Amino acid sequence: MSENNNSQNTATHLSDRYNPADVENRTYQWWEDSGFFKAQDQSTKPPFSIILPPPNVTGFLHMGHALDHTIQDMLIRWKRMSGFNAMWLPGTDHAGIATQSVVEKELRKENITRHELGREKFVDKIWEWKHTYGDRIYSQMRRLGDSCDWDRATFTLDEGVSKSVRKVFVSLHKKGLIYRGKRLVNWSGPLETAISDLEVEHKQIKGTLFHINYPLEDGSGFLTVATTRPETLLGDTAVAVNPEDDRYRHLVGKNVILPLINRKVKIIADTYVDKEFGSGVVKITPAHDFNDYKVGKTHNLEFINLLTKKAEMNENAGVYAGLKVQEARKRIIEDLKEQNLLVKEEPHVHSVGHCSRSGAVVEPFLSEQWFVKMDQLATPAKRVVENGTIRFEPESWTKVYLHWLNNIEDWCISRQLWWGHRIPVWYCAKCEHHTVSESDVSACEKCGSTNLKQDEDVLDTWFSSALWPFSTMGWPKDSETLKTFYPTNYLVTGHDIIFFWVARMIMMGLEFKRDVPFRTVYIHGLVRDSQGRKMSKSLGNSIDPVEMIEKYGADALRFTFVAHLYSGKDLKFSEQRLEGYRNFMNKIWNAARFALSNLADFKAPVEGIKALPNIANISVFDQWILTKLGEVMKAVDEAMESERFSEAANALYHFIWNEFCDWYIEFTKPILNGVNAAEKAATQLVIAQILNRITRLLHPFTPFISEEIYQKLPINGQACIMDQYPMVINDKDLLALGSQQSAFEIDLVKEVITAIRNIRGENRISPAVKLNVRLGVNNDQVQKILGNNRNALIVMGRLENIEIGEAGNLMKCAVSTAIVKDAEVKVIIPLEGLVDFDEELKRINKTIEKLTKDISMLNAKLSNEKFVANADEDVIAADRILLAQAKVQIETLRDALTRFQ
RNA sequence: AGGGAGUUAGCUCAGUUGGUAGAGCGCCACCCUUACAAGGUGGACGUCGCAGGUUCGAAUCCUGUACUCCCUACCA
């Protein structure tokens with residue numbers, strides 16, 4: 001491939017294979033250097049903006065991003081070309097847990113823990129890491145072709161964003177919407193931090209249900225409780241039964257003795273207990289179970305914490321202190337067995353929460369945390385979706401969104417991490433007052449003491465993400481950027497972060513900007529592997545998009561995504577399919593290469609894209625392809641406007657490959673090689689115009705190859721990326737050269753050629769054999785059309801000779817009927833001496849069979865009085881024509897059949 | 001348990017107001033026809049999950065049902 005490097009810019013010496021590596025980096029650099037990605041804060045153009053969901057700053061670009069970005073870039077490029085002031089704002093996320101974990105892992109290689117290093121030095125280390133790897137994902141985005149406005153790139157720990165975060169925190173706190181409380185939260189032992197409900201993944205686990213006897217205090221027997229977590233009995237502060245349960249009613253109010261530690265606890269009654277499950281008796285451990293927590297609150301029970309921050313047994317666990325939970329469980333079961341208190345063990349499948357970051361089992365853990373009260377924020381966030389101010393696409397996500405908001409719980413926003421926005425609260429050692437402030441505080445606002453300590457915790461990463469649409473645009477200042485670009489037009493993301501991110505952005509946008517952050521939430525599916533599994537490191541089925549780009553080119557990857565973007569459905573990624581679109585890129589490349597080589601002597605017209613060929617000189621092929629161009633432009637426009645992006649991409653694929661390449665180029669070869677200079681010049685102009693439109697139409701999908709070809713065209717502008725997106729309304733004069741009559745003519749010629757090819761193919765006649773063909777026509781107009789296209793028929797049908805006129809003698813001839821509208825052409829090929837007739841007889845019989853079926857079905861339909869009475873007139877008329885045509889065809893074939901006998 | 005989505009050709013999937021089922025890949029046959037073998041031409045292949053209903057007519061609308069997937073919640 002490299003031998004082409006030096007000649008790549010010479011139109012006549014293009015490689016016969018499209019080599020993306022020769023094009024992509026160079027083109028991207030040129031776009032960026034030329035400032036084409038930049039949007040203006042003030043402009044006469046209408047604004048169009050998208051905020052990129054910020055990827056993790058130290059992460060890699062994965063397939064999910066590649067899909068997500070392709071959609072956004074397509075929208076941005078399309079709108080930019082359509083006259084909008086298109087702004088795509090990139091950024092990266094500090095990703096608290098993820099990034100901190102990565103750096104901790106690095107330290108572990110040197111046998112250092114973050115605690116040994118200390119907070120300040122550890123955070124410095126992470127910054128170092130960020131500076132080293134923070135731009136990696138940006139350069140990968142450039143590989144994909146992302147046309148972001150890079151000058152606006154923002155990092156969540158940038159000063160501006162950090163200010164926004166503090167302002168929002170203080171403001172919500174003032175309103176009473178942020179509060180601190182000792183609550184049971186999801187705790188990740190390995191990370192030593194609280195995590196939110198959303199960060200917990202529930203997995204079905206095969207566990208054991210242990211039935212344990214708790215001796216009654218009065219020695220009258222035992223109460224059997226069933227539990228999957230016997231180790232927590234050390235923290236039991238009650239045993240509960242259902243108040244309606246006759247078996248235990250008499251015991252309520254009495255005490256049982258906890259085994260192993262011999263602590264006395266009450267027997268209480270609560271409707272929460274299901275009589276049917278287990279033994280109907282539940283041990284209550286308020287500090288380690290969410291339901292027990294509620295029961296503990298209502299019954300005023302004691303809360304006994306059994307765990308350390310590492311989620312190991314603590315001093316309250318007595319002899320079991322220091323053990324891991326699993327070990328403690330084992331030991332306790334052994335000890336219970338020894339005391340004959342374990343009644344039975346039965347297998348039990350239940351779901352257990354796991355930390356989505358570390359994979360560890362999540363422990364409910366009692367601790368002091370900060371929360372955001374959600375009810376008040378959720379109400380307006382529901383309303384804007386209900387009333388259509390924000391639209392979800394596909395619409396079905398609306399329900400999911402609303403359901404979640406209707407059942408929302410308060411959001412635990414504090415994390416016991418070091419990497420992130422530190423909570424802006426200072427505690428006074430003297431008066432215990434806590435000062436909440438936007439700026440750093442050196443003295444207690446109440447007593448003036450300088451003996452202050454800032455809260456050690458940082459905020460959940462999603463807290464800053466929730467502000468992203470306005471914190472990146474200069475808020476709280478009323479900046480020009482905000483005025484122009486807020487609210488944004490689209491939010492493009494996968495459905496996995498609707499709750500984490502989308503919902504919270506809507507709440508915060510409404511709370512602080514008094515307006516929605518975006519108009520449309522475009523939800524796409526997840527990229528899965530070819531078997532439909534999630535791509536994950538542990539499965540080893542991840543595919544690296546950059547590797548795919550290197551192998552097949554960015555355009556092919558992008559086109560693969562867009563062509564399969566069907567209404568939010570997951571996308572099974574297959575390399576084979578990508579290969580197919582790589583081939584399409586090559587097809588485009590070669591069509592352009594061919595066209596350009598035939599435009600070597602073509603002089604670019606001064607009118608540029610407004611240049612029209614002389615109507616007297618254009619061929620029917622030119623007229624036809626312009627008709628098709630008009631159709632595809634309309635189809636693309638309608639599809640893009642209604643967000644059916646795959647339809648737009650597929651319409652272009654079909655137009656370029658099946659109409660422009662397969663037919664138009666083949667039809668016009670004789671003209672380009674012919675002697676009629678005027679006709680040739682007209683065709684050259686049409687080709688130049690078609691290529692100009694094709695490249696622009698393709699640009700949002702396949703930016704690199706379209707720009708590369710565009711730059712070589714005789715009719716072009718400065719840059720494809722900045723030129724106008726083709727619209728029917730702007731090309732009226734050119735498209736007016738097309739006509740329905742030309743479409744009819746070419747359709748007929750295509751049908752005849754296809755019929756000839758069919759006879760040749762089915763009879764296995766070598767393409768090297770030139771055929772003699774007779775075309776039987778019954779109509780002067782049809783005869784004239786065929787006569788005019790005699791040359792095309794001969795070349796594309798690989799004919800020796802052609803006669804057009806009466807059908808004549810059909811003895812030992814293959815016959816096929818080409819039908820377009822009311823025109824019928826009998827295609828007659830004498831086979832004597834070419835083939836034995838077996839194949840032809842098979843072909844004829846096969847066709848007769850099919851026609852017989854058609855006829856009987858059409859007859860049945862048309863003789864049905866109710867059909868004739870109820871169906872649309874044009875439907876009936878169409879069926880009548882079909883029937884008549886079928887009858888003609890079958891007669892011809894039967895006739896031919898007899899002449900072979 | 002509640003909610004959502006899906007079931008169409010060997011595979012992956014389209015199918016926009018109901019009107020004789022489509023694409024790509026794969027497969028078979030023939031071709032290196034001077035843009036492209038990452039190509040060309042032709043061909044085979046589907047009772048549209050199942051059962052009812054509405055209708056002259058259903059892949060499409062309605063009801064039920066089976067299976068698959070996803071989400072949320074619960075599981076002592």
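None of the values given here were measured: they were computed from a predicted structure. Every chain is numbered from 1 and lettered A, B, ... according to where its sequence line falls, protein lines coming before strand lines.
Distance CZ (A:R764) to P (B:U41): 19 Å, rounded to an integer number of Å. Remark: P of B:U72 and NE2 of A:H403 are 11 Å apart, rounded to the nearest angstrom. Counting to the nearest Å, the P atom of B:A35 and the CZ atom of A:F660 are 13 Å from each other.
At a threshold of 4.0 Å, the pair A:E363-A:R229 counts as salt-bridged, since one of the basic side-chain nitrogens sits closer than that to a carboxylate oxygen. Residues A:E631 and A:K634 are not paired through a salt bridge, judged by the lack of any N-O separation under 4.0 Å between the basic side chain and the carboxylate. Ion pairing between A:D854 and A:K850 holds under the 4.0 Å rule for side-chain N and carboxylate O. Looking at A:R329 and A:E231, a side-chain N of the basic residue comes within less than 4.0 Å of a carboxylate O on the acidic one, giving a salt bridge. Here A:K853 does not pair with A:E849 in a salt bridge; the nearest charged N to carboxylate O distance is not below 4.0 Å.
Taking only side-chain nitrogens and oxygens, A:W657 comes nearer than 4.0 Å to OP1 or OP2 of B:G40. An OP1 or OP2 oxygen of B:A38 is reached within less than 4.0 angstrom by no side-chain nitrogen or oxygen of A:N590. Considering only side-chain N and O atoms, A:N583 lies nowhere under 4.0 angstrom from the phosphate OP1 or OP2 of B:A38.
For A:K587, counting side-chain heavy atoms from C-beta on, the closest listed nucleotide (B:G39, B:C71, B:U20) is B:G39. Here the nucleotide nearest the side chain of A:L858, chosen from B:G3, B:U20, B:U72, is B:U20.
Applying the salt bridge (Lys or Arg N to Asp or Glu O under 4.0 Å) test to residues at least two apart or on different chains, none of the pairs has a partner in residues 396-405 of chain A.
Look at B:U55: it lacks any Watson-Crick or wobble partner with both distances under 3.5 angstrom.
Each of A:F584 and A:V868 has a nearest nucleotide on RNA chain B; the 5'-most of these lies closest to A:F584. Both A:Y653 and A:R798 lie near RNA chain B, and the one whose nearest nucleotide falls closer to the 5' end is A:Y653.
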Tell me, for nucleotides 43-49 of chain B in 5' to 3' order, what letter each nucleotide earns: B for a base near a protein heavy atom under 4.0 Å, S for only sugar-phosphate near one, - for neither? SS-----

Table of protein N/O atoms under 3.5 Å from nucleotides 13-15 of chain B N/O atoms:
{"unit_1": "B:C13", "atom_1": "OP2", "unit_2": "A:K572", "atom_2": "NZ", "d": "2.9"}
{"unit_1": "B:A14", "atom_1": "OP1", "unit_2": "A:K569", "atom_2": "NZ", "d": "2.6"}
{"unit_1": "B:A14", "atom_1": "OP2", "unit_2": "A:K569", "atom_2": "NZ", "d": "3.1"}

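A:F594 carries A:K669 over the face of its six-membered ring, with the cationic atom under 6.0 Å from the centre and within 45° of the normal.
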